[in-house]
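Below you'll find the structure, written out as C-alpha cells, and then a few comments.
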Amino acid sequence: MSNISPRQRTRLAESPSIAPERLAALPADFRFGLSTAAYQIEGAAHEGGRGPSIWDTFSHTPGLTANGDNGDVACDHYHRWPADLDLMVDVGVRDYRLSVSWSRLQQSGFGPLNGEAVEFYRALLEGARERGIRPLVTLYHWDLPQPLEDAGGWPVRATAERFAEYAARTVAALGDLVDDWITLNEPWCSAFLGYHTGAHAPGRRNWAEAVAAAHHLNLAHGLAVAAIRDAAPEALVGIANIVTDIRPRTDGPADIAAAARLDAASNRVFLDPVYLGDYSAQVRSVLGDALISVVRAGDLDVIGAPTDFAGVNHYQRVIAWHDDEGGPLRLGERPAEPATTSFGWSVIPESLTEVLVRVAREFTALPIHVTENGASFHDYLDPAGDVVDLARVEYLRGYLEAVTTAVERGVDVRGYYAWSFLDNFEWAEGYGKRFGLVFVDYATQRRIPKLSAHWYQRLIAERMSQLQPARITA
Ligand code: IFM
C-alpha cells in the first residue's frame with residue numbers, strides 16, 4: 001500500500017514471509033482471498049427496503065451482545081463499498097468472499113426480491129468485477145428474516161423450502177456477475193449456537209430444536225444446490241462448514257468416546273450427509289430420535305447432491321472429555337493450549353493441516369477452499385497511527401504454511417480466504433473482537449491497514465512474481 005509508514009516498513013522487513021519453495025507448492029490457480037459477511041459489515045439496517053433479521057432482534061435485546069452492540073451501522077460498507085473495494089485492490093487481493101443478506105433481498109423471506117437490494121448487490125458485484133476482483137458469494141451467513149423465525153425458524157422444514165426459493169431468485173438476479181456460490185456458512189453455528197446454547201440469534205435453548213435445525217439447514221443446502229443449478233448451470237457451488245480439530249483429553253476410552261460424540265454433533269452431522277450421502281451410525285446414535293424424527297424419505301438424496309468444491313472454515317483445536325453432567329452430549333470441552341487469541345481460542349497451525357487432510361481422506365476428493373481462517377487480537381491504533389498486529393502476521397504465516405503442508409501431503413487446496421477483510425460486528429461479542437487485516441475506527445469509519453494487510457500484500461506480490469514466466473534476455 002502506498003501509505004505504509006516508515007515504521008511499519010521496518011516491522012514488515014522484520015516479519016518473515018513464506019519460503020518461496022513452500023509457496024511454489026501451491027497450485028498455480030491458488031486464490032489468496034479475504035472474507036466478510038453482510039450483517040457484520042454493511043450497516044444501513046433500515047435502508048434500501050431491508051427487513052429485520054434474527055440478528056437485528058437478538059442484538060437489540062438487552063443483555064445478549066457485548067456492550068449492547070448491534071449491526072445497525074457496522075462498517076457502513078453499504079455506503080462505503082467503492083472505497084472498500086479500492087482498498088482491497090490496494091492490498092493486492094483479487095478474491096473476495098462476501099455474503100448477500102437474505103433479509104435485505106427478501107424482507108419477509110418469500111416472494112419477489114426487493115429491487116433496491118438487487119440494485120445494491122449488482123452495483124457492488126459489478127464494482128468488484130470492474131476492479132478485477134472475483135466474488136465468491138454466500139447466500140446465507142446467519143441473517144434469517146425475522147418473519148421466518150416467527151413462523152418457526154430453522155427447526156421447521158418450511159424454512160428450508162423458503163431458502164431454496166430465495167436462492168433461486170437471487171441467483172437468477174445476480175448470477176451473471178457471480179461464478180462461485182456458497183449456500184450456507186457454518187450451519188453448525190446457526191443450529192447449535194442459535195437453538196441449543198442460545199449464544200447466537202435467535203437465542204433459543206432447546207436441544208431437539210437445534211438438531212432439527214441442523215437437518216433442515218442440510219436440507220436447505222441440498223435444495224439450494226438444485227435451485228442454483230437450474231438458475232445458473234455453469235456456476236460452481238459449495239457449502240462452507242466449520243471443521244474443528246477435536247481431541248480427547250486423555251487416552252481413556254471414556255474421553256475418546258466423548259471426543260467422538262462432539263465430532264459427530266459438530267463436524268460429522270454436516271459433513272456426512274453432504275459428502276457421504278447419509279448420516280453415519282455415530283451421528284444417528286449421538287443425535288438419536290431428535291434427528292431421526294425429522295429426516296424424511298428422499299432428504300438424503302437431496303442433501304448429497306454433488307457439489308463442485310468444499311468450503312472449510314477452521315478456527316480451533318478443542319479438547320473434550322467425558323462428563324455425565326455435561327448436557328445432552330455428556331461432555332466437557334475447552335480450547336486447546338496455547339489459547340492466545342482475544343477470544344481464548346487456540347493457535348495451532350497444524351490443526352488446519354490435520355483438518356484439511358481429514359476432509360480429503362474421509363469425506364471428499366473435491367477441491368477445497370479454506371473459506372475462513374483468522375484470529376482476533378487486542379489490536380489498537382498506536383500513537384504513531386499504526387496498528388502493529390505482529391500476532392496476526394505470525395498467525396497468518398503459520399496457517400498458510402499449514403495449508404502448504406496439506407498440499408504437499410496431497411490435498412487439493414485451491415484457496416485461502418482470511419477472516420476478515422475489515423474489523424467488524426463479531427456477533428454476540430460485538431465490536432470488541434477485531435479479526436480484520438484492516439483496522440476500523442468505528443467513530444470515524446476510517447480504515448487503517450494493519451501490519452498484517454501489508455504482510456499479506458507482500459506475500460501475494462511474491463506469489464505473483466513466482467507465476468510470471470521467466471524473462472527471456474537477448
Ligand atoms: O465472525 C465469524 C464469522 O461470521 C463466521 N465464522 C467465524 C468468524 C469468527 O468468529
Side-chain angles (χ1 to χ4, degrees), residues 33-43 53-56 58-59 64-66 69-71 74-75 77 96-103 136-144 182-194 197 199-202 217 238-245 266-267 270 310-318 335 339-347 351-352 355 369-379 389 391-392 395-396 399 415-440 442 452:
L34 288 169
S35 201
T36 65
Y39 188 69
Q40 294 181 272
I41 63 166
E42 280 181 8
S53 81
I54 53 175
W55 271 99
D56 296 280
F58 187 86
S59 62
L64 297 185
T65 62
D69 288 346
N70 59 60
C75 305
H77 178 73
Y96 178 32
R97 174 175 176 239
L98 67 150
S99 79
V100 290
S101 157
W102 188 351
S103 76
L136 166 59
V137 178
T138 305
L139 285 160
Y140 185 69
H141 200 124
W142 307 355
D143 39 11
L144 184 70
I182 287 179
T183 54
L184 306 177
N185 181 67
E186 299 175 359
W188 176 79
C189 298
S190 302
F192 291 97
L193 300 182
T197 69
H200 277 192
L217 282 151
I239 179 170
N241 271 305
I242 193 161
V243 188
T244 300
D245 183 20
S266 38
N267 295 326
F270 300 103
V312 169
N313 293 7
H314 175 73
Y315 288 92
Q316 289 214 69
R317 175 177 292 176
V318 160
T340 48
T341 77
S342 73
F343 242 121
W345 293 353
S346 65
V347 178
S351 274
L352 177 55
V355 153
H369 289 278
V370 178
T371 32
E372 279 183 34
N373 172 245
S376 62
F377 292 108
H378 295 292
D379 302 325
D389 58 337
R392 183 170 294 98
Y395 183 101
L396 289 172
Y399 279 82
Y416 175 93
Y417 294 76
W419 184 270
S420 180
F421 174 33
L422 303 169
D423 290 337
N424 57 55
F425 175 73
E426 178 50 36
W427 308 111
E429 299 294 328
Y431 294 99
K433 298 280 185 285
R434 293 181 177 270
F435 279 86
L437 274 67
V438 172
F439 186 89
V440 176
Y442 294 108
S452 55

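We count ligands from 1, going down the list as the structure has it; atoms in each ligand are counted the same way. One-based numbering along the sequence shown.
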Legend entry - Heteroatom proximity flag, W142 to ligand 1, N/O under 3.5 Å: no

Inset, instruction - Can you sort out which atoms of ligand 1 are near F435, meaning under 4.0 Å from one of its heavy atoms? - result: 9 (C), 10 (O)

Inset, instruction - Go through the side-chain N and O atoms of S99 and Y39 and say whether any donor and acceptor fall under 3.5 Å apart. - result: no

Inset, instruction - Could you find the nearest protein heavy atom to atom 1 (O) of ligand 1 and give me its residue, atom name and distance? - result: E426 OE1, 2.6 Å

Legend entry - Contact check, E429 vs ligand 1, heavy-atom distance below 4.0 Å: no

Inset, instruction - Identify which of W427, Y315, W345, Y39 has a heavy atom lying nearest to atom 8 (C) of ligand 1. - result: Y315

Inset, instruction - List every atom of ligand 1 that sits less than 4.0 Å from any heavy atom of E186, numbering the atoms from 1 in the order shown and giving each element. - result: 5 (C), 6 (N), 7 (C)

Legend entry - Proximal ligand 1 atoms for H141, defined as those under 4.0 Å from one of its heavy atoms: 3 (C), 4 (O), 5 (C)

Inset, instruction - Indicate, as side chain, backbone, both or neither, the part of Q40 found under 4.0 angstrom from ligand 1 when only non-hydrogen atoms are considered. - result: side chain

Legend entry - Which residue and heavy atom of the protein sit nearest atom 6 (N) of ligand 1, plus the separation: E372 OE1, 2.5 Å

Legend entry - Enumerated ligand 1 atoms positioned under 4.0 Å from heavy atoms of N185: 5 (C)

Legend entry - Polar side chain donor-acceptor pair, D143 to S103, under 3.5 angstrom: no

Legend entry - H314 and its side chain to side chain contact (heavy atoms under 4.5 Å, CB included) partner, picked from N241, D245, I242: D245

Legend entry - Between Y395 and N373, a side-chain donor and acceptor under 3.5 Å: yes

Legend entry - Considering all heavy atoms, the nearest F425-S59 contact: CZ-CB, 4.2 Å

Legend entry - Check: Q40 and W419 side chains under 4.5 Å, non-hydrogen atoms: yes

Inset, instruction - Could you tell me whether N313 and ligand 1 have an N or O pair separated by under 3.5 Å? - result: no

Legend entry - Among W188, W345, F343, ring-ring contact (aromatic ring centres under 6.0 Å, His included) partner for Y315: W345

Legend entry - Salt-bridge criterion met for R392 and D379 (N-O under 4.0 Å): yes

